[in-house]
Amino acid sequence: MTAQQPHDLNCLTVAELEKHAEQCMDKQTRDYYNEGADSGSTLLENSQAYSKYRIRPRVLRDISLIDTSCPLFGARSPLPMGVAPTAMQCLAHPDGEAATARACREAGVVIGLSSFATTTLEDVAAASGSNPRVLQLYLFEEREHSRRLIQRAKAAGYKAVFLTVDTPMLGRRNLEIRNQFKLPKPYKIANFAEDSDSPASKTVMDGAASDTDADKREGKKSTSAPGVHDGEKRTPPAGPISFHTHAPNPTLCWDRDIDWLRKECKPEMEVWVKGIATGEDALLAVYHGVDGIVVSNHGGRQLNGALATLDALPEVVDAVQGKIPVHIDGGIRHGTEIFKALALGADFVWIGRPVLWGLSYKGQEGVALCLRLLRDEFTLCMGLAGTVKVPEISKDYLVKVDKSGFVSRL
Ligand SMILES: Cc1cc2nc3c(=O)[nH]c(=O)nc-3n(C[C@H](O)[C@H](O)[C@H](O)COP(=O)(O)O)c2cc1C
């Protein structure tokens, strides 16, 4: 990615990218990608939280050489920004996650791959080359499925697993329900397509299983069933792996599961938790030896009414005291917002929907455009604020604006 690349005159901001993407996606996909849980207030507040802060720029500093790089997984990332894991990218564009991976590779930006991707983790690794990648993990009650996925990720050179911890139950996404969302053929929940008991051709509704026409003709039935607790004991989910039955795991807990995951992943892969929103849980994450935290509320798709991630960030940063890295995602749509998140103590940010919008606008080229816009805005912001290195970005560069418009130093 070079600074000299010409502008796309039709698309100079992520907001414009969103508008273009609206035209490119069918209603089902648009609703699935863009909605939040319930009324969508947390989705909205994730973005609005950034407008509570303004930048305090410093001047007359030589900013002729700006270094936007930062440490990541024991190496350096050219930007403090990565692509967040989002499921089923082939809905946005037939090239799906492979196109995203190629754009990330070109930009040197880390890619987060969803367990429920429409491209296998091996194909994404091949498209990534030596570019870093992480696997987002839903830890299933039936451990063998997760163990196999972890082994495959290790073999394919993934740097870390990001255990999603904000989905013990699934948030209620009303448009998805009303549209009776189906993953259209020929797309598959690719990582589980080879699982003997989880033919992904049976995938509908975020991967929920239904019987195919072929199965019906052959009189076979293979419906997934969610786990249940009868008050005395719990029966885990059964049948083919599906998003609705297997991804939400209400049994997950710190003591048993984080230890298990660390044993499975180490030393080849780091173990991170994605979906922390409080100082208390951040302290537990440190105590249980995780390698890093992503402050996240799943882009407002889980607990609606939960606090915006930027509002959660300071208490998490305070609790962690620099012992492990703290990343953030949710609502970031402009380079100045990356700057604000870093100023409030985040080490790194992850971008979700804007990448999907880029992918649906122009495939790989659209993802590259999205990353370039954010990179250019962030670099400009660093320079105009008077900073030349990422570690210089601190609270000193922000003020907070309260409801009455009163501005105060942090
Ligand atoms: C369509 C869509 C699918 C997602 N799929 C996953 C997923 O499979 N696993 C996961 O941990 N997070 C998933 N997320 C959440 C993202 O990783 C990230 O937390 C969120 O999108 C960040 O917010 P933003 O979209 O406002 O940038 C998904 C988000 C969207 C919008």
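Quick caveat: nothing in here was measured; it's all calculated off a predicted structure. The chain is numbered in sequence order, starting from 1.
- Atoms CG and CG, from Leu149 and Leu121 in turn, are 5.5 Å apart once rounded to the nearest 0.5 Å.
- Between Asp95 and Lys362 there is no salt bridge, since no side-chain nitrogen of the basic residue lies less than 4.0 Å from a carboxylate oxygen of the acidic one.
- Not one N or O on the side chain of Arg133 forms a donor-acceptor pair closer than 3.5 Å with the backbone of Ser130.
- We find the CZ-CG distance between Phe378 and Leu373 to be 15.0 Å, quoted to the nearest 0.5 Å.
- A salt bridge does not link Arg333 with Glu18: every distance from a Lys NZ or Arg NE/NH1/NH2 to an Asp or Glu carboxylate oxygen is 4.0 Å or more.
- Between the side chains of Gln302 and Arg173, at least one donor-acceptor pair of N or O atoms lies under 3.5 Å.
- In this structure, His288 and Trp254 have parallel ring planes: the angle between them is below the 30° cut-off, well short of the 60° mark.
- Of all heavy-atom pairs between Glu97 and Leu113, the closest is CG-CD1, 3.7 Å.
- Partner Asp166 forms a side chain to side chain donor-acceptor pair (under 3.5 Å) with one of Arg301, Lys274, His298 and no other, that one being His298.
- For Arg256, the CZ atom sits in a packed shell: over 12 heavy atoms of surrounding residues, nucleotides or ligands are nearer than 6.0 Å.
- Using a cutoff of 4.0 Å between basic side-chain nitrogens and carboxylate oxygens, Glu337 and Lys340 are not scored as salt-bridged.
- Here Lys52 pairs with Asp311 in a salt bridge; the nearest charged N to carboxylate O distance falls below 4.0 Å.
- Remark: Arg148 is not positioned above the aromatic ring of Phe192, lacking an NZ or CZ atom under 6.0 angstrom from the ring centre and at most 45 degrees off the axis.
- For the 3.5 Å distance criterion, the side chains of Asn304 and Ser41 qualify, holding a donor opposite an acceptor.
- Asp8 and Tyr361 share a donor-acceptor pair across their side chains, judged by distance under 3.5 Å alone.
- For Leu135 against Ala153, the heavy-atom pair with the smallest separation is CD2-CB, 3.9 Å.
- Looking only at distances, a side-chain donor or acceptor of Gln321 sits under 3.5 Å from a matching main-chain atom of Asp318.
- Under the 30°/60° scheme for interplanar angles, the aromatic rings of His327 and Trp272 are found to be tilted.
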